[in-house]
Every structure is written in structure tokens, then in C-alpha cells.
Amino acid sequence: MKASNAINMIWLAILLAFVYWFLEPTIYAFVLQKGTFTDKWLHPDAEELRTRMSVVSLLLLFGVYAQTMLKRQQQIMESLQASKQKIRQIIDTANDAFITIDAEGSISDWNPMAEMIFGWPEDLAIGKSMMDLIMNQAPRNALIDDIQEFINTGSAPFTQGQIVITALHRDGHEFPAEMSISPQAVGASFIFNIFVRDISQRKADEEKLETLATRDELTGLINRFSYNHLLKKEVALAKRHMESLAVLFLDLDGFKNINDSLGHDVGDQLLRETANRLSACIRESDTVARIGGDEFLIIMPGIKDVHDPRFLCERILNMIGQPYLIGTQECFVGASIGISLYPLDGDNVESLVKNADTAMYQAKDSGRNAYKFFTPAMGEEAFKRMEMERALRYAIEKNQFKLLYQPQVELSSGRILGVEALLRWTHPEWGPISPSVFISLIENTNLILPIGEWVLDEACKQNKAWQALHPGFPLRMAVNFAARQFAQADLVETVAKALQKSGLAAEFLELEITEGSAMNDIELNIRKMQALKELGVSIAIDDFGTGFSSLAYLKRFPIDILKIDKSFLDEIQHGKKDAAIVATISEMAHSLGMEVIAEGVETKYQLEFLRGHGCDMIQGYLFSRPVPPEQIAEILQKGGKIKV
Ligand SMILES: Nc1nc2c(ncn2[C@@H]2O[C@H](COP(=O)(O)O[C@H]3[C@@H](O)[C@H](n4cnc5c(=O)[nH]c(N)nc54)O[C@@H]3COP(=O)(O)O)[C@@H](O)[C@H]2O)c(=O)[nH]1
């Protein structure tokens with residue numbers, strides 16, 4: 001019978017009792033004795049009536065009390081039932097596995113998440129030993145011991161909080177899991193309620209975060225932050241074991257050009273490939289890190305002498321110098337490496353890295369694709385370079401630049417057919433600065449763009465001025481274009497603008513670009529060169545023979561002139577190979593329909609050699625150093641010839 005029915009029955013009984021006990025004397029007084037209500041209370045049995053009423057009142061009170069108690073009992077039962085259902089629901093929908101075991105480890109509860117995490121359905125899990133089912137040997141034994149310890153002492157490691165275990169899935173794979181165990185007394189014994197959480201994802205996220213914090217995302221090499229930490233450790237170890245270590249600072253040559261002209265995707269791939277090449281070069285005990293852009297650092301602990309870093313640098317330069325094939329694109333870069341040694345060049349991270357960086361700049365200045373050991377004098381150089389870079393920013397507006405012009409002479413006639421514009425910088429305090437110093441500074445920064453534009457404008461204007469003065473001797477003006485300038489998207493517009501501003505006809509302008517600038521993104525460069533040719537300007541490849549030109553590509557470029565680099569001429573008298581190279585370049589250029597200019601001609605021997613090999617034009621100190629514009633005007637005034 002339900003509690004509410006029982007209450008109704010009690011109420012019915014009370015009502016019947018009330019009717020009988022209370023109404024019986026009243027009916028007697030009022031109906032049978034024909035009295036009144038007043039009479040009834042005067043009835044000899046009035047005392048009995050009052051007694052009966054008291055009983056009825058007590059019964060009524062008891063009824064109310066019983067009903068309240070029963071109701072409360074019913075509410076407690078209902079809320080207990082609801083709590084049980086709620087707990088079950090929570091357990092069944094929990095994100096963690098919920099398992100109940102007895103003191104022997106036998107499973108009595110196994111929620112749906114436990115099925116999911118461990119792969120065992122409830123009906124197969126219930127009654128099995130939890131330790132056997134989902135745990136490896138080591139944690140299994142430890143948990144059995146802990147449960148025993150808890151039963152004996154009332155305390156065990158698991159009562160302190162969560163424990164991390166390697167759990168076992170039904171299919172045999174292992175995964176990290178976090179377990180919290182709450183003992184529950186049942187009579188004289190215990191059961192253990194266990195929550196288990198699969199923390200594989202969390203562990204993977206933690207590892208990923210750790211990787212993000214310590215690794216360079218692009219290359220997978222360690223990053224600047226962990227490099228610092230590692231170098232600090234290595235320096236401390238070297239100190240303790242009284243050993244030496246080397247820090248190599250490497251910066252790619254020509255990378256910015258590739259990044260600017262071929263786009264960042266190609267740049268990224270090139271950096272990844274560089275990271276692989278560097279990793280392949282180093283010993284197991286060495287570490288390579290990417291510290292940003294195209295800069296890498298290498299730690300070489302335990303070096304025996306300076307030959308160790310020297311051999312590594314040579315290996316690296318050789319590896320980086322190999323062509324990079326990115327998609328169908330062949331790219332070329334070089335590397336400049338600076339080396340500092342512990343304890344010689346510094347005994348802490350900051351000074352070792354700073355000095356290796358300084359030495360790297362020296363390697364760049366020495367003509368790139370080279371390595372240099374730090375020397376104390378370099379520290380001062382680095383400071384000077386910084387000062388110079390600052391001063392160069394204001395050199396145009398402060399009128400500190402000028403152009404000199406070096407004649408280019410036709411070998412067969414001795415006539416000056418052209419000049420090369422060469423930039424000069426004179427600082428008010430420091431005096432004239434060597435182009436070999438400041439040109440590399442501006443070429444490595446974006447300063448080359450405004451300065452290069454100034455040179456182009458100035459050279460075009462000057463040529464137009466000579467032509468106005470000496471219309472019978474029009475000259476071709478050769479202007480050097482650095483890789484960054486050639487990579488500019490608006491290169492053709494810039495050139496057209498300079499021609500238009502000066503009024504110079506395009507046929508009297510020649511752009512000198514290096515092999516390096518031409519060989520990156522060949523298809524784009526061919527299109528750029530074609531656009532320049534359509535404008536009417538000539539194109540010369542400068543320093544030919546020193547770069548990485550592929551002859552197969554050379555014939556596809558719309559090039560007018562090849563300039564044989566001075567370095568080959570320097571050796572022709574002594575080295576058979578250089579003589580053969582000069583002769584071959586000259587022959588090949590002619591067969592491709594190009595003119596050949598030899599630069600840096602200093603001796604009669606060189607002159608005759610070049611004449612013998614059909615070189616078209618020559619440029620060098622033998623005839624003239626770079627001179628101010630007035631001196632070129634004088635030569636033109638005298639007929640525009642130089643005796644060759
Ligand atoms: N992007 C730009 N680069 C420029 C510009 N002006 C110059 N430069 C480049 O700077 C480098 C050094 O130039 P410079 O010191 O002017 O040297 C040139 C000649 O003076 C020198 N030369 C010529 N003949 C001889 C010789 O017989 N002997 C000898 N020892 N040196 C000689 O060669 C330099 C010309 O080189 P090149 O340009 O390769 O023809 C140099 O790389 C310049 O290109 C500029 O405005 N923009």
C-alpha cells in the first residue's frame with residue numbers, strides 16, 4: 001500500500017470515530033429526547049460527551065502528526081531515490097571512467113565511459129579483476145599493495161590525491177591515465193570508487209606546448225629561447241671540465257632576395273631545407289638552432305682546437321652552396337659564418353653570441369660565402385658599422401654622395417663607348433669611405449632602394465648633360481643594380497621614370513646585375529629583363545664567372561653584355577686555368593651574340609691577352625680610374641678616345 005493511501009485510511013477511520021463518538025449523545029439529546037442544544041449540554045451524560053470530545057481532539061492531533069511524519073518520510077524516500085538516480089546519471093554520463101572494486105580488486109561497477117576508455121563492455125568487465133583488466137604489471141602490483149596498506153593502516157598513497165598510471169586498452173595499446181580512488185566502508189570491509197581519466201590528449205597538448213615554447217615552428221630546430229638556456233648549460237659544463245666550445249653564427253647570403261622575389265613559401269622551404277642540411281653537417285654533440293629569419297646558431301661543445309669549427313664551416317659552406325630544388329625552381333644561396341670561442345672570446349652567452357655575430361658580419365664583408373673567427377678588433381668594427389649605418393640614412397639629404405665614372409673602352413678603336421657609374425660617399429667627419437665598406441652596408445639593408453634610385457637618376461641626368469655638351473659622342477651609362485633593387489616589383493617603372501625625368505634615351509642606359517640576382521626565380525627574371533629590353537635599355541651580367549650561373553639558363557636571358565670578373569684577369573699571367581676561363585667566356589658570349597667587357601684591366605699583358613681573345617671592351621686602371629664627370633667631359637672634348 002502506498003503511503004498516501006495509508007494516510008487516507010487513517011483519516012477515514014478518524015472521521016468515523018468522530019461521527020460515532022461525538023454525534024451519538026447529541027442525536028440522543030436532540031432527537032430521542034426532543035430537547036434543544038442547550039438541553040443537550042444539560043444532559044446528565046454531558047461529562048461523558050466532553051470526555052469523548054477530548055478523545056476525538058487527541059485523535060485529530062495524532063492524525064495530523066502521523067500525516068506530517070508520513071509525508072516527511074515519503075519526501076526523504078523520494079529525494080533519496082532521486083539522488084540515487086542523479087548519481088547514477090552523473091556516473092553514466094561522466095567524462096571519466098567510474099569503476100567500483102572490492103578489496104580484492106573485483107569490479108562491481110563499470111560506467112559507459114569505462115567501456116569507451118578501456119574497450120571492455122560492462123558485462124565482460126563486471127566480476128573481473130580491475131588490475132588484470134586495465135593495468136600494466138608495475139602499476140598493477142603497486143595498486144594491490146596500496147589497497148592492502150589502506151585496509152591495514154587506513155592510509156595509502158592514493159588517499160593523498162590523484163595518481164598517474166600507464167593504462168591498458170583492450171586492444172593492447174597503452175595510454176597515460178589519471179586515477180583518483182575513494183575508499184568507502186561497507187560493513188566491516190571496504191569498496192573503492194575509482195575515477196579514471198584518459199589524459200593522452202592533455203599529454204599530447206602539453207608536449208605540443210613544450211615544443212612550441214622550445215622549438216622553431218618552421219624548421220623544428222630549437223629556438224632562440226631554448227638556445228640561450230642550452231648555451232648557458234654548455235658554457236657551465238665547459239667551465240667545469242675546463243674544455244673549449246665554439247659558437248657559430250650563420251646568416252644566409254642572398255636569402256632576402258629569394259624571399260622578396262619568389263615569395264615566402266619558397267623562402268620557408270629553403271629555410272627548412274637549410275635546417276636539414278645544417279643538421280646533417282653537425283656532430284651528435286653539437287646543436288643547431290634557428291634564431292630568426294635566415295640566421296642560425298650552432299654550439300660545438302668539447303672542441304679540441306680551432307680546426308674543429310673550421311672543418312665544420314667548410315662542410316657547411318659546401319652543403320649550403322649546393323643548388324636548392326624547390327618545386328621546379330632551382331635556387332642558390334650562400335652562407336656567412338662567424339665563430340667565437342669559449343673561453344677565448346667570452347665566458348658567457350651574451351658575449352659569445354655577440355662576438356660570433358660580429359665575426360659573421362666580417363665574413364659577409366669579405367665577399368660572403370665565407371667564415372671568420374672573431375678577433376677583438378672586430379668588436380670596434382661592429383660599433384663603427386652601426387654608426388655608419390645611422391649616418392648613411394641621412395647621406396642623400398645631406399648631399400654626401402657623388403658619382404664617379406670609369407670609362408669603358410672599345411679595344412679595336414680606343415673609343416670610349418660607355419662609362420660605369422660608381423658611387424662615392426664622403427662623411428664630413430670621417431672623410432671618404434671606401435665603397436667596399438659602405439656598399440655592402442646599404443646592400444644588406446633597404447637603404448639600397450632610395451640610394452640606388454638616387455644613383456640611377458643622377459647617372460641618367462649626367463649622361464644627358466654630356467650628350468647635350470658633346471652630341472657627337474653619345475655614351476652608354478652602366479649603372480650597378482644590387483640584388484634587392486633587381487628584385488623590386490616596380491623595377492621597370494623605376495627605370496622608366498628615371499629615363500623620363502632625365503630625358504635620356506633608353507639605348508644609352510645599361511643595367512649591371514650580378515649573376516646571383518639573375519639566377520633566382522629565372523622565369524620571373526627573364527620576364528623582367530624582357531620588359532627592360534622592351535623599354536630599350538641594355539643588360540649586363542656583372543662579375544661573370546664568380547657566381548652560380550648555369551650556362552643552360554644563360555642563353556635564355558636577353559643579355560647584351562658579359563663582364564668578365566677582375567679576379568680571372570689577375571691570374572691569367574700565372575694560372576693556365578684562369579686564362580682558359582677568360583678565353584672560353586669570351587668565345588661563348590660571342591657565340592650567344594653578347595658583347596664581352598673585361599673589368600679590372602691593369603697590365604699590358606692582360607690587355608694583349610684580351611685583344612688576342614677577341615674581347616670587345618675593356619675597363620680598368622690601365623686606362624682610367626673612376627673619375628669625376630668633368631674629366632669624362634674633357635675626354636669627350638678631346639675626341640672621346642684613349643690610346644690602347
Ligand atoms: N649597387 C651598387 N653598387 C655599386 C655602386 N657603385 C659601386 N658599386 C659597387 O661597389 C663595389 C666597389 O666599387 P668600387 O670601389 O667603385 O670599385 C669599382 C672600380 O673602381 C673597380 N675597378 C675598376 N677597374 C679596376 C682596376 O683596374 N683595378 C682595381 N683594383 N679595381 C678596379 O672595380 C669596381 C667596379 O666593379 P663592378 O661594379 O663589378 O664593375 C663594386 O662591386 C661595385 O659594383 C652603385 O651605385 N650601386
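Ligands are counted one by one from 1 in listed order, and the atoms in each one are counted from 1 as well. When a residue number appears, it is its place in the shown sequence, counting from 1.
For the residue pair E314 / Y371, a side-chain donor-acceptor distance below 3.5 Å is found, with atom types taken as modelled. Between the side chains of D251 and S336, not a single donor N or O lies within less than 3.5 Å of an accepting N or O.
Just one of R625, Q619, E420 meets the side-chain hydrogen bond (donor to acceptor under 3.5 Å, both in side chains) condition when paired with Q406; it is Q619.
Listed by chain and number, Q406, E420, L422, L423, R424, P435, I439, E443, V455, N480, A482, Q485, E512, D542, D543, K563, K566, E599, G600, V601, E602, G620, Y621, P626 each place a non-hydrogen atom less than 4.0 angstrom from ligand 1.
Annotation: side chain of L447 is not in contact with side chain of F438 (no heavy-atom distance under 4.5 Å).
The line from CE of M477 to CD1 of I632 is 8.5 Å long, rounded to the nearest 0.5 Å.
Contact detail for P629 and W466: the closest heavy-atom pair is O-NE1, 3.3 Å.
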